[in-house]
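Worksheet: one structure, shown below.
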Amino acid sequence: MASVTLSGLRKEYGDLTAVDGLDLDVDDGELLCLLGPSGCGKSTTLRMLGGLETPTDGDVHIGGEPVTDQPPYERNTSMVFQSWALFPHKTVLENVAFGLKMDGVGSDEREERAREMLDVVEMSGFADHDPTDLSGGQKQRVALARSLAIEPDVLLLDEPLSNLDKRLREQMQLELRNIHDEVETTFVHVTHDQNEAFTLADSIAIMNDGQIEQIGAPREVYDDPVSLFIEEFLGDTNLVEATVTETTEAGVVADIALGTEIELPTGDASVDAGDDLTVSFRPEELDVERADADASGGADADGGPSITGEITDVLYRGSTVRFYVECAGEHLFFEQSVGADTDFAVGDAVTVSWDPADLLAFAADGDRVGGGGA
Ligand code: ADP
C-alpha cells in the first residue's frame, strides 16, 4: 500500500476543463471516496492517477515517488471498472491469476495467490466455474479479486457497484469495506452516490466543477458542510430564503420566508443587514407537534422559535413516512419511522420548532456563513 498525492492536477479537453488544479492527499491504507455529480471530473482524476490519462498540468505521486510521466504498467495501481470485463473462456481462477501471469509469477504461486484472493472475496467455491455462469455481484467480486491479486499499492475503483441492483449494491458496499480492511491497501473509489460514500469511506472528497470543494470524514462533512452545493448534494433538506434585518453580537436576525424572524449564529463570517441568505432546516432537526388550543405562535414550550402550519401531504416511503407542512406558503418536510407514536394526517394543524444552533446558513455566493458546527 502507498500514499497518494495529487498536486495542481489539471486536465483540459480542448476548451473544456475537466479537472481544474486539484490537490489531494490520500494516506497509506486509507479508503477515500471521490464523490460528486456526474461530469464533475471524478473519473478523469482517477484515470490520471492510474496513468490512463495524461495530465495537462500538475503532478501525481504514489508512495512519495513521482509517477506523472510513467505509463500505467509501471505504476503499481490496479483499476476496477463498473463493467466487470472478465475473460469468458477462462475459469474464475484463471481470471484472477491473469495479472500475476503477466507479471511473470510462477504457476504454483499464481494459483496460491489467486485462491487466497478468491477466499477474501468469498468466492472460493467458484474457482473452476466459467464467469458467464456468475451473477452480476459474483462477477464484480471476481473482478475485484483479479485487481487485488497483483497486490497493487493503490486500488482504483470507478463506480464499481453502479451496475448492481439496490439491494446487492448495499450488500457489496459493506463487503467492499470489509475487503478493504482485510487487505489494507489504499483504495480510491469514485461514486456519485452519497450513501455509498458514507457507507464506505474513511474520507470523502466532494468534487464540484473539476475541483475538490470539501474533504473530511463522512460525519465531519455531513455535520459541517462548507457550502450550499455540499449541503444540497449530501441529501434532502428544506432550503428557505431569508434576508438579514440586523446584526447582533452573536450573529444576525433574519426575516425568513416562513413568516417569522430567526436568530442565526454566524461565527466569524461577515454578514450585513440586507444580505440574502439561504437557510437549511434539516428534516431531522425539526420538532413537529400537534398544535393545541393555547399554542402561542413565535415560541415553543421551551421558549425557542416556532411557527404554525398545516400538514398537506403524507408520503409513505417504506420504513419512513414523509410529511409536508405548509407554513406561510412554504412547504417544509420532515420524516418519522413507520410506527412512531405521533403520526399526522392531512389537514392537521401543527407547531414546528427548531434549535437555532442546528440551522445552517449560506450566503448568496453559496459559502457557509454560520449555524450548525461552524
Ligand atoms: P465524472 O466521472 O465526474 O462523471 P468525468 O471525469 O468523466 O466526470 O468527466 C468530466 C468532464 O470531462 C465531462 O464534462 C466529460 O464530458 C469530459 N470528458 C471526459 N473525458 C473526455 C474525453 N476523453 N474527451 C472529451 N471530454 C471528456
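FYI, the numbering just counts along the sequence from 1. Both counts, for ligands and for their atoms, begin at 1 and track the order of listing. For the numbers below, each heavy atom of this structure counts, side chains included, while hydrogens, waters and symmetry mates do not.
Here atom 5 (P) of ligand 1 lies nearest to T44 when heavy atoms of T44, T191, N208 are compared. Remark: among candidates S43, A18, G210, the nearest residue to atom 2 (O) of ligand 1 is S43, based on non-hydrogen atoms.
Under a 4.0 angstrom heavy-atom cut-off, R47 registers as being in contact with ligand 1. At least one heavy atom of S38 sits under 4.0 Å from some atom of ligand 1.
The pair R322-D236 meets the salt-bridge criterion, with a side-chain N (NZ, NE, NH1 or NH2) lying under 4.0 Å from an Asp/Glu carboxylate O. Between D193 and K166 no salt bridge is recorded (no basic side-chain N to carboxylate O distance below 4.0 Å). A salt bridge links R10 with E12; the closest basic N to acidic carboxylate O contact falls under 4.0 Å. Using a 4.0 Å cut-off between a side-chain N of Lys or Arg and a carboxylate O of Asp or Glu, D153 and R75 do not qualify as a salt bridge.
Distances from atom 15 (C) of ligand 1 to the protein include no heavy-atom value under 4.0 Å.
S203 and E30 share a donor-acceptor pair across their side chains, judged by distance under 3.5 Å alone. Checked by atom type, the side-chain pair D119/S124 shows a donor-acceptor distance below 3.5 Å. Between E231 and Y222, the side chains place no donor N or O within less than 3.5 Å of an acceptor N or O (distance only, hydrogens not considered).
Protein heavy atom at the shortest distance from atom 8 (O) of ligand 1 is G41 N, 3.2 Å. For atom 22 (C) of ligand 1, the nearest protein heavy atom (residue, atom name, distance) is Y13 CE2, 3.4 Å.
Ligand 1 places these atoms under 4.0 Å from at least one heavy atom of L16: 11 (C), 12 (O), 14 (O), 17 (C). For ligand 1, the atoms closer than 4.0 angstrom to any heavy atom of P37 are 3 (O). Of all atoms in ligand 1, listed by their number and element, those nearer than 4.0 Å to a heavy atom of G39 are 1 (P), 3 (O), 4 (O), 8 (O), 10 (C), 11 (C), 13 (C).
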